[in-house]
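Each chain gets a letter, A, B and so on, in the order its sequence line appears, and its residues count up from 1. In this text the structure is predicted, and so the values were computed from the model without any measurement. Just so it is clear, the values below take in all heavy atoms, side chains as well, and ignore hydrogens, waters and symmetry mates.
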Number of protein chains: 2
Amino acid sequence: MKKLTLPAASDMTLTAVCAALGDPVRMKIAQCLAHSGEKNCSGFEVDHLSKSTLSHHIKILREAGLIQPRIQGKEHFYSLRTEELDQRFPGLIALLLAEEV
Amino acid sequence: MKKLTLPAASDMTLTAVCAALGDPVRMKIAQCLAHSGEKNCSGFEVDHLSKSTLSHHIKILREAGLIQPRIQGKEHFYSLRTEELDQRFPGLIALLLAEEV
DNA sequence: TCTACAGTTTGAAAAATATCGAACTTAAAA
DNA sequence: TTTTAAGTTCGATATTTTTCAAACTGTAGA
């Protein structure tokens, strides 16, 4: 099993978070999770992207500190890291929620 | 004289704003303006970038709706569009201010 | 008018990013 | 144990972005 690393709240940078959210696919995923709580890959409402591309976007969101996985069997459920984000970037999740999805 | 367009608050997108802030040079400029109010190009504390590159970054910030120019003689003074940003993305400027510069 | 200055635009090269298919991993089901 | 399903990793390609120098624009001062 792969050990996957999530940055501590103090290690996240606003620049990396913004870069992660600066792509329309990743913004969609983040907003989707902000609204729905938890989803696996097939639950993101992004159209006709290969699974390798989707996996790439998820990795960027994860490495920026925005999302965390919960692995259950063969499924990977993702959710926003609400606690860390509220601590490190208060107001950020509200910005995601305010946008229409 | 060139007519330059700023997007209305309602036309700004969070994705474009995040993409604009997702580059370290532009994040620096935005934070600089958030703290200092108004500066011209030579006032941004970015190291050894050609003026054409700096101009390019300013354009991206402007087109995303983040900054506005005030042209006075040969100088272009830039500032954050605080009213529009507070209306369209409440909490965003606080995020910029919260980061160390 | 001529020159210097602050900044933009253009065109090109280099670097980074997005995308895909194929191969791989892991876990559940047959 | 074999197969299937969910997702990641790898390698390659196409697109985008960053960057610079050179040319240009508009303003102020000599």
Side-chain angles (χ1 to χ4, degrees), chain A residues 1-7 13 15-33 36 38-79, chain B residues 1-7 13 15-30 32-33 36 38-80:
Chain A
M1 179 68 122
K2 203 63 156 312
K3 167 102 181 211
L4 66 135
T5 55
L6 296 175
T13 71
T15 304
V17 165
C18 285
L21 295 175
D23 176 272
V25 171
R26 295 192 293 264
M27 177 60 81
K28 188 81 189 294
I29 293 171
Q31 289 173 345
C32 186
L33 292 179
S36 75
E38 199 183 51
K39 284 227 162 101
N40 69 352
C41 285
S42 60
F44 304 137
E45 296 139 15
V46 289
D47 12 44
H48 40 72
L49 273 183
S50 72
K51 57 183 186 171
S52 54
T53 299
L54 198 50
S55 192
H56 160 73
H57 286 304
I58 285 169
K59 186 179 187 181
I60 289 175
L61 287 168
R62 176 170 50 74
E63 289 178 346
L66 282 159
I67 67 173
Q68 63 196 344
R70 179 177 66 82
I71 300 175
Q72 187 182 45
K74 19 180 197 184
E75 286 178 280
H76 294 203
F77 290 95
Y78 290 96
S79 57
Chain B
M1 179 68 122
K2 203 61 157 310
K3 167 103 179 208
L4 65 134
T5 55
L6 296 174
T13 71
T15 304
V17 164
C18 286
L21 295 175
D23 175 271
V25 172
R26 295 192 292 263
M27 177 60 81
K28 189 81 190 295
I29 293 172
C32 186
L33 293 178
S36 74
E38 199 184 50
K39 284 227 163 99
N40 69 351
C41 285
S42 61
F44 304 136
E45 295 139 17
V46 289
D47 13 44
H48 41 72
L49 271 183
S50 71
K51 57 183 184 169
S52 52
T53 299
L54 198 50
S55 192
H56 161 74
H57 286 304
I58 285 169
K59 185 178 186 181
I60 289 175
L61 287 167
R62 177 170 49 73
E63 290 179 344
L66 282 159
I67 67 174
Q68 61 197 345
R70 178 176 66 83
I71 301 176
Q72 187 180 45
K74 16 179 200 186
E75 286 178 280
H76 293 202
F77 290 95
Y78 290 95
S79 57
L80 285 188

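- Taking NE2 of A/His76 as the start and CD1 of A/Ile67 as the end, the distance is 11.5 Å to the nearest 0.5 Å.
- If you check every strand for non-hydrogen atoms under 4.0 Å, B/Leu54 touches nothing.
- Judged by distance alone, with hydrogens and angles left aside, B/Ser52 brings a side-chain donor or acceptor within reach of the base of D/dA21, the pair sitting under 3.5 Å.
- For the OP1/OP2 pair of C/dA18 and a distance below 4.0 Å, the side-chain nitrogens and oxygens of A/His56 include at least one atom meeting the criterion.
- A heavy-atom distance below 4.5 Å is found between the side chains of B/Glu45 and B/Cys32.
- Applying the 3.5 Å distance criterion, the base of D/dG7 shares a donor-acceptor pair with the side chain of A/Lys51.
- For the atom pair NZ of A/Lys39 and CD1 of A/Ile29, the computed distance is 11.0 Å after rounding to the nearest 0.5 Å.
- Nucleic acid contact for A/Arg62: none, since no nucleic acid atom lies under 4.0 Å from a heavy atom of the residue.
- B/Ser52 and B/Ser50 share a donor-acceptor pair across their side chains, judged by distance under 3.5 Å alone.
- At a cut-off of 3.5 angstrom, counting only N and O atoms as typed in the model, there is no donor on one side facing an acceptor on the other between the side-chain of A/Ser55 and the base of D/dG7.
- At a threshold of 4.0 angstrom between heavy atoms, the contacts of B/Tyr78 are confined to the sugar-phosphate backbone, with no base atom among them.
- Taking atom CG on A/Asn40 and atom C1' on D/dA5, their separation rounds to 12 Å, with Å as the unit.
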